[in-house]
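Okay, so here's the structure we're looking at.
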Amino acid sequence: PMRGFFCIQFIEDDGAYYLTDVNPRIGGGSILSLHCSDSMRSNLVAILKNEHEKIKPSIGAYREESMFRYYQEYYV
């Protein structure tokens, strides 16, 4: 079973979807989700501490922000 963050990528061609990559790491854009969602952060901490019983589904509360990436992230 896969647990934690994975970067999974597909391509679409003529209405069909094809899996191209599965990487066991946090994808580059995931940092925005972690920044904007308290439940994403607390679930990540629970996964890293191997406290899977503390993982809770998202309650839907998040902040709507944009992110620009240079050598570090900027949120607006």
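The line from NZ of Lys56 to OG of Ser42 is 7.0 Å long, rounded to the nearest 0.5 Å. Separation of atoms CG (Asn50) and CG (Leu48) is listed at 10.0 Å; rounding is to 0.5 Å. In this structure, Leu34 CG and Met40 CE are separated by 5.0 Å, a value rounded to the nearest 0.5 Å.
The two residues Leu19 and Asp21 have their closest heavy-atom pair at CD1-O, 3.7 Å. Scanning all heavy atoms of the two residues, the minimum distance from Tyr18 to Asp13 falls at CE1-CB, 4.0 Å. Considering all non-hydrogen atoms of both residues, Cys36 and Arg41 come closest at N-NH1, 4.3 Å. Closest approach of Asn43 and Ile55 over heavy atoms only: OD1-CA, 3.4 Å.
Residues Glu51 and Glu53 form a side-chain contact, since some pair of their non-hydrogen atoms from C-beta on lies under 4.5 Å apart.
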Problem set entry | Trace of the side-chain contact (heavy atoms from CB on, under 4.5 Å) decision for Met67 with His35 | CA-CA 10 Å; Met67 177 180 74; His35 176 77; over 6 Å; no
